[in-house]
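Reading through the structure tokens given below for one structure.
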Amino acid sequence: MKWEIVIGLEVHAQLNTRSKIFSGAATAFGAAPNTQACGVDVALPGVLPVLNRGAVERAVRFGLAVGATINRHSIFARKNYFYPDLPKGYQISQYEIPVVQGGSITIPAGETGKTIRLTRAHLEEDAGKSLHEDFHGMSGIDLNRAGTPLLEIVSEPDMRSAQEAVAYAKALHSLVRWIDICDGNMQEGSFRCDANVSVRLLGSDTLGTRCEIKNLNSFRFLERAIEHEARRQIEVLENGGSIVQETRLYDPDRDATRSMRTKEDAHDYRYFPDPDLLPLEVSGAWIEEIRSSMPALPQVKRERFVTLCGVTPYDAAVLTSSRELADYFEEAARGADERTAKQCANWITGNLNARLNDEGLEITQARIAAGQLRGLVDRIVDGTISGKIAKDVFDAMWAGEGDADRIISVRGLRQISDSGEIGKIVDQVIAANAQQVADYRAGKDKAFNSLVGQVMKATKGKANPRQVNEILRKKLSG
Amino acid sequence: MHNATIKSLSAELAAGRLSSVEVTRHFLRRINTLSKIYNCFITVDEEKSLAAAGAADALRAAGRAQPLTGIPIAQKDIFCAKGWLTTCGSRMLSNFVSPYDAHVVERLDAAGAVNIGKTNMDEFAMGSSNETSYYGPVRNPWNIETVPGGSSGGSAAAVAARLAPGAIGTDTGGSIRQPAALTGISGLKPTYGVVSRYGMIAFASSLDQGGPMARSAEDLALLLNVLAGFDARDSTSLDRPAEDYTRDLARPIAGLRIGLPKEFFAAGAAPEVEKAVGEAIGHLRKLGCETVEVSLPNMALSVPVYYVLAPAEASSNLARFDGVRYGYRAPEYGDLLEMYKKTRAEGFGAEVKRRILIGTYVLSHGYYDAYYIRAQKLRRLIAQDFSEAFGKCDLIMGPTSPSSAFKLGEKAGDPVQMYLSDIYTIAVNLAGLPGMSIPCGFDSRGLPVGLQVIGNYFGEARMLNAAHQYQLVTDWHDRAPPGIEIQ
């Protein structure tokens, strides 16, 4: 039997407002417990929520970025349940009418990419945290996080593999940072994923019973949890069982999911419109004001990079994975011809990215500025240095030895492009390597590469490799 | 001194014939002696009140006195007042000292008023007789065998017994007007959104509104001038220019059109209540008012609609009382669930539990549409009835309560009978309109009867105008209950 996995994601993006969604308390991460919780967050008797306009503005920004409908009129409801870190005994969340409806996101897949439809994105408040250590058999409650603004972004069940789900989560992660509504810090819980996973026989058009997996706070866990859960479901079905709709928790230490609660013991949240808050009205003028303040979106830049700079679609996707990276590329490639721009893209997605990953740095922390990288690329394009030497120059630049021109001149790395000079060295190499020359003439191509290597070694890599090839071939056949 | 109105006390203070400390001491002494009988107050703090009085006198000496400066005002124990025990009449908050001031408390403080004590009330404002209080029932100064009404019964009884010249209360379904009627004082529930709910412990958020209680309409206007005003901390607070509610008091009311809803007079009010209300209307006619019959066809549904919506909101509003962060926590429990259950079982009284159960039920999956959604639709129809009626009249009048004060315990075992005592007042809250009650006579047992005056949105000044003109030619509001004089 051939199975198909069907996945929808619910992502909670913490909005980067300075104060909470319904109170004036700060949202900064890492403060001492309960120092960033005011009377509203603690739910003292008599306090009332007041909506943070900045949170709404960010939700609208997201809606515009994904081409969604912005509901001019939306409602905050109360989701009622008891939990010690939920101070009011209810969470304020948009339920029936969310501020953002529909929209879509394109993920890299195949030639043209794949469109993942969004169901909705709604505003809500976060709960506090229960702390179960160090309290001598009791639990501690930290309400610093209570009331932090969240945008819950719900997708349609449009993904068909764990890899697609990860690609979608990454695209979303990049987008929320791109439009500057969320810092995307997954360790601090600023971007959290829940996955709805079901399986069905390939070709079926009805959805299987789904399970919701919670607590996926890294892309790796997301991928592994989905794969594990799909395997579990397929195993159950192939053994003649049936899937029970339930919420499951992913345990990264055991790489397994376990049941949290089934549909039967699901809460009745008794949603109803919060009478303390008026319906949220978003005017057309406000939407336009927000639209005009939006940065160019990644998909727009991606296309621009491909058509105007000749960057490959893959590199363009990498370059637009964050606004800072795209900015870096644009600065490096400013005023460049297509060949130079393409080289810039290669260097950024290749060596620079690898180096950043090795050292765990962000693009904004790169030790080579965009203009400096361009200086290096210019010397490659104009033939001053070879691509191989350029790697050494890059390393020297990273180590802080200055601009490419300075390093090339101080270290004497200028490429040898003088045919006479190269010819002399080629002659010496032919004379000194009779065996390889014979092998080459006997039809062994490998021997040619070895001779090229000898020439390069003799010039400390500075000889123009194209010229070395030409001259060597000529002399050997002569 | 204690028979003086706020208006006249204010004049005495302004003339320097009295100091706030003297006035405050006088009322504190009365409270000390009489509150034992009426049980009006939950908390009295002489030190704090006298300190406030001293500050008020200093304010006056500095030339910065306002009309309420130095006047003792009793506060219903539903308003959070910094440093004061704020219980809401419940065991659940029997240990809760508020760390902050409600908006109206801030405004009273800023005006130099003196908090003379926190008054008893039905638990979480749920009740019409003040019998549901954890602190015991309040007794009606007109007859201590009878109830003062509720839920602002402590504030009403305190004003009636001359233990405070004025008070603040809250009204969700009649909780200012009905006790005002039953204790022979004046009380006003403003248009929803005129007085900030910030710091007022929520019962049913879409209906709750704070307001003044005093002996005369003129005093209500003075109090409302201080209580009303926009507050950004309450999203339902209305941002509109400040009004002087005394501005129209002296205006003649000839030509004023009074709407008399036929449903008010067919709903089975006690004959003596109908008679007193009828006489009051007659008085107003003599002052030149016209009367016109109007209809509120959906009024009969207001009690069932209210008892869906108010408990629904309450069930959620009271979820925060869970023993985790403040307030009562059961002393013994095995685990979290047991802590919740015992805390709430021991901390809440029977009426509060009843309403939480009703509210939880009507919001439950499968019942929400049949109850909550339907009730919301009817609520709009009720508001529409009023808007049509106000097409034909300037004010609507009728009885405040179907009967005068009933005996303690008389309705305590029959919640539906108790709920029906708010039949004339509830529709006003559902529509968000302003309503008031003023004394208009006595029944044969010597118990006061209230006349309800309902205005259109923001019609407070006009209501106060009519009430004041009526009080200029009647003396019901000046009558004092027997036995309140002390040595």
Side-chain angles (χ1 to χ4, degrees), chain A residues 22-24 34 37-53 75-92 95-96 127-128 130 132 137-143 146 263 266-281, chain B residues 78-80 86-88 90 92-93 96 98-103 124 196-202 204-208 231-237 309 312-313 315-327 336-337 339-340 344 359-368 372-373 376:
Chain A
F22 297 118
S23 84
N34 298 310
C38 68
V40 174
D41 306 321
V42 175
L44 288 180
V47 295
L48 297 168
V50 177
L51 180 59
N52 181 340
R53 206 176 140 88
I75 305 275
F76 285 99
R78 294 183 181 180
K79 178 180 181 177
N80 295 284
Y81 65 97
F82 284 95
Y83 205 72
D85 60 23
L86 187 73
K88 294 188 292 295
Y90 57 85
Q91 178 197 29
I92 305 177
Y95 180 56
E96 275 179 291
S130 296
H132 298 297
M138 294 189 286
S139 290
I141 305 291
D142 177 6
L143 294 176
K263 195 185 175 188
H267 288 110
D268 180 353
Y269 290 118
R270 308 189 310 278
Y271 283 98
F272 74 106
D274 191 335
D276 287 333
L277 290 162
L278 303 174
L280 169 59
E281 308 285 348
Chain B
I78 200 168
F79 293 101
C80 286
T86 300
T87 70
C88 222
S90 181
M92 190 58 95
L93 289 176
F96 178 70
S98 177
Y100 79 106
D101 279 331
H103 183 250
F124 285 104
S196 167
R197 293 184 296 115
Y198 181 80
M200 201 176 102
I201 299 174
S205 314
S206 74
L207 300 158
D208 294 343
D231 178 14
R233 296 169 299 184
D234 174 2
S235 305
T236 61
S237 168
L309 297 180
E313 293 181 18
S315 70
S316 176
N317 282 335
L318 270 59
R320 68 187 59 197
F321 304 111
D322 58 4
V324 173
R325 298 168 315 286
Y326 51 76
L336 176 66
L337 192 63
M339 191 280 278
Y340 279 152
R344 290 169 65 85
T360 303
Y361 178 80
V362 300
L363 289 176
S364 294
H365 187 72
Y367 297 98
Y368 180 75
Y372 186 84
I373 294 289
Q376 286 291 17

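Naming convention: chains lettered A, B, ... in sequence-line order (proteins, then strands); numbering from 1 in each chain. Predicted, not measured: the structure shown is a model, and the values here were computed from it.
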Please look at [X] and chain A and tell me whether the side chain, the backbone, both or neither of the residue comes under 4.5 angstrom of a heavy atom of that chain.
| X | answer |
| --- | --- |
| B/Leu336 | side chain |
| B/Ser98 | neither |
| B/Leu93 | side chain |
| B/Ala312 | backbone |

Chain A: which of [options] shares the most heavy-atom pairs with it under 4.5 Å?
| options | value |
| --- | --- |
| B/Ser206, B/Ser316, B/Cys80 | B/Ser316 |
| B/Met339, B/Gln376, B/Glu313 | B/Glu313 |
| B/Tyr198, B/Tyr100, B/Tyr367 | B/Tyr100 |

Min side-chain heavy-atom separation B/Thr86-B/Phe79 under 4.5 Å: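 In short, these two side chains do not touch, never coming nearer than 4.5 Å.
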Enumerate, atom names and distances included, each donor-acceptor pair closer than 3.5 Å involving a side-chain atom of residues 271-280 of chain A, sequence neighbours excluded.
| unit_1 | atom_1 | unit_2 | atom_2 | d |
| --- | --- | --- | --- | --- |
| A/Asp274 | OD1 | A/Arg78 | NE | 3.1 |
| A/Asp274 | OD1 | A/Arg78 | NH2 | 3.2 |
| A/Asp274 | OD1 | A/Asp276 | N | 2.8 |
| A/Asp274 | OD2 | A/Arg78 | NE | 3.4 |
| A/Asp276 | OD1 | B/Arg197 | NH1 | 3.1 |
| A/Asp276 | OD1 | B/Arg197 | NH2 | 3.1 |
| A/Asp276 | OD1 | B/Ser205 | OG | 3.2 |
| A/Asp276 | OD2 | A/Arg78 | NH2 | 3.0 |

Is there a donor-acceptor pair closer than 3.5 Å between any side-chain N or O of [X] and the backbone N or O of [Y]?
| X | Y | answer |
| --- | --- | --- |
| A/Asp268 | B/His365 | yes |
| A/Asn34 | A/Ile141 | yes |
| B/Arg320 | A/Pro45 | no |

Proximal component of A/Tyr90, with respect to chain B [non-hydrogen, under 4.5 Å]: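 Side chain of A/Tyr90 only, per the 4.5 Å heavy-atom cut-off to chain B.
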Toward chain B, the part of A/Leu143 with a non-hydrogen atom under 4.5 Å: side chain
Pairing residues for B/Ser90 by the side-chain contact (heavy atoms from CB on, under 4.5 Å) criterion, not counting sequence neighbours: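 Testing B/Ser90 for side-chain contact (heavy atoms from CB on, under 4.5 Å), a comparison that skips the adjacent residues, returns B/Met92, B/Glu123, B/Phe124, B/Phe348.
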Parallel, tilted or perpendicular, as decided by the 30° and 60° cut-offs, for the rings of A/Tyr269 and A/Tyr81: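 A/Tyr81 vs A/Tyr269 ring planes: perpendicular.
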